[in-house]
Amino acid sequence: MRSPPRDLADRSMAASATRGPLVDTFGRAVTYLRVSVTDRCDFRCVYCMSEHMTFLPKQDLLTLEELDRLCSAFVARGVRKLRLTGGEPLVRRDVMTLFRALSRHLETGQLDELTVTTNGSQLARYAADLAACGVKRINVSADTLDPDKFRAVTRWGDLGKVMDGIRAAKAAGIKVKLNAVALRDVNEGEIAAIMEWCHGEGHDLSLIEVMPLGEVGAERVDQYLPLSEVREKLSERYTLTDIPYRTGGPARYVEVKETGGRLGFITPLTHNFCEGCNRVRVTCTGTLYMCLGQEDAADLRAPLRASPDDAALQAAIDAAIYRKPKGHDFVIDRATSTPAVSRHMSMTGG
Ligand code: SAM
Ligand code: SF4
């Protein structure tokens, strides 16, 4: 990846910074940007994608240079945490050059954290490089520790490779948090075992409720397992104590006395966490979504491509943040069988 000339990039960032931090009309500062670097993936998780997904033509995607410029424009406006996601971010060709370029903001102190959410399939290959780019914590998604179930949930994933990746990350000194989507009849009976394994290995675990995003060709109502139910079941065997621990995300954590580990609950459906929302998301085509659960969006690709300086881009970002909604209203029930939002999680980034 060719970086923009450093003096031009520096001048653009300095000019952008004069606009001040990004604060929405509800007084929430936007300090966390999640960027989907590709809509493609080497898995087809049943709740995330349909088996026969149509992916975007490559020319619609932002180039790695454009992704760097876009992220840097947000960093100039006070974003302190950057998460690359997808699709599967580590299947994007040369993605490590983007990590390397973005790590300069860690070095200058403008960015607190550069991180990634990954399915782990390519992690064994990239863990050391990620650590060298200043990545200190990552999220790895795995919903089961049973290889056959894993293959079924991901439609063709290899759990062994994911486990190799997790081991490589740990060996490289990266803190791993496992993310598992709670799925009725799939991992419902395995959650305690997953937690025991994670905590035994020194990993945090977050459980996620299925969100109604995109048609996936499966009955979402049947997949949906409320975390309130999971928590109740776990409480029969474990002592769960609410703790104020936060990672800048929506998870609410408990400490598990018996394992000494942390367990997070991400519950967009049973708990509304919008009031503290500090994040926005950009898709791999440069569309900015101000809320995961709403359709309103802003195109940043056109202003990005219109001019080599960032004035138009920053104006578009300001206009969008001004429209950031107060919250979302996801519902999953039998009367509401269509997705609340038509785009897939793999497009907006999880
Ligand atoms: N491919 C990477 C991965 O799986 O970690 C990054 C992208 S994935 C879209 C990010 C996270 O979103 C994963 O933890 C995944 O389980 C979760 N996810 C995907 N679709 C979801 C849905 N409909 N509801 C809840 N979580 C979902
Ligand atoms: Fe791919 Fe992640 Fe979606 Fe699974 S959840 S299909 S790994 S993008």
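Quick note: residue numbers are just sequence positions, from 1. In each ligand, atom 1 is the first atom listed, and ligand 1 is the first ligand listed.
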**Asked** What is the ring orientation for Trp197 with His203, classed by angle as parallel under 30°, tilted 30 to 60°, or perpendicular over 60°?
**Response**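 The arrangement is tilted - the two ring planes meet at 30° to 60°.
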**Request:** Any pair with a residue in residues 120-132 that passes side chain to side chain donor-acceptor pair (under 3.5 Å), sequence neighbours left out, goes on the list, sorted by first then second residue, please.
**Result:**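 Those involving residues 120-132 are Asp42-Ser121, Asp42-Gln122, Asn119-Ser121, Gln122-Arg125.
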**Message:** Counting the benzene-type ring for Trp, do Phe150 and Phe43 have ring centres under 6.0 Å apart?
**Reply:**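 Distance test on ring centres: under 6.0 Å, yes.
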**Item:** Per-atom contacts of ligand 1 with Glu88, taking only distances under 4.0 Å to non-hydrogen atoms
**Value:**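 What qualifies from ligand 1 is 1 (N), 2 (C).
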**Request:** Considering the heavy atoms of Val210, write down every atom of ligand 1 situated less than 4.0 Å from one of them.
**Result:**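 Within the 4.0 Å cut-off of Val210, ligand 1 contributes 24 (N), 25 (C).
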**Message:** Given Gly87, Ser206, Gly120, Cys45, identify the one with the heavy atom nearest to atom 1 (N) of ligand 1.
**Reply:**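 Nearest heavy atom to atom 1 (N) of ligand 1 lies in Gly87.
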**Prompt:** Which of the listed options, Gly157, Ser36, Gly87, holds the heavy atom that is closest to atom 8 (S) of ligand 2?
**Reply:**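 That would be Gly87.
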**Prompt:** So which bit of Cys41 gets within less than 4.0 Å of ligand 2, heavy atoms only: side chain, backbone, both or neither?
**Reply:**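 Side chain only.
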**Prompt:** Mind checking what makes ring-ring contact (aromatic ring centres under 6.0 Å, His included) contact with Phe74, not counting sequence neighbours?
**Reply:**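 Result, ring-ring contact (aromatic ring centres under 6.0 Å, His included) vs Phe74: none returned.
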**Request:** May I ask you to check whether Thr118 has an N/O atom sitting below 3.5 Å from an N/O atom of ligand 1?
**Result:**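 Among all N and O atoms of Thr118, at least one is under 3.5 Å from an N or O of ligand 1.
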**Request:** Ignoring angles and geometry beyond distance, decide whether Ser141 reaches within less than 3.5 Å of ligand 1 through its nitrogen or oxygen atoms.
**Result:**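 Yes, since at least one N or O of Ser141 sits under 3.5 Å from an N or O of ligand 1.
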**Message:** For Arg40, is there an ion pair with Glu88 - N to carboxylate O distance below 4.0 angstrom?
**Reply:**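 Here Glu88 does not pair with Arg40 in a salt bridge, since their nearest N and O are not under 4.0 Å apart.
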**Message:** Are more than 12 heavy atoms, taken from residues, nucleotides or ligands other than Glu232, located less than 6.0 Å from that residue's CD atom?
**Reply:**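 It does not: Glu232 CD has 12 such atoms or fewer within range.
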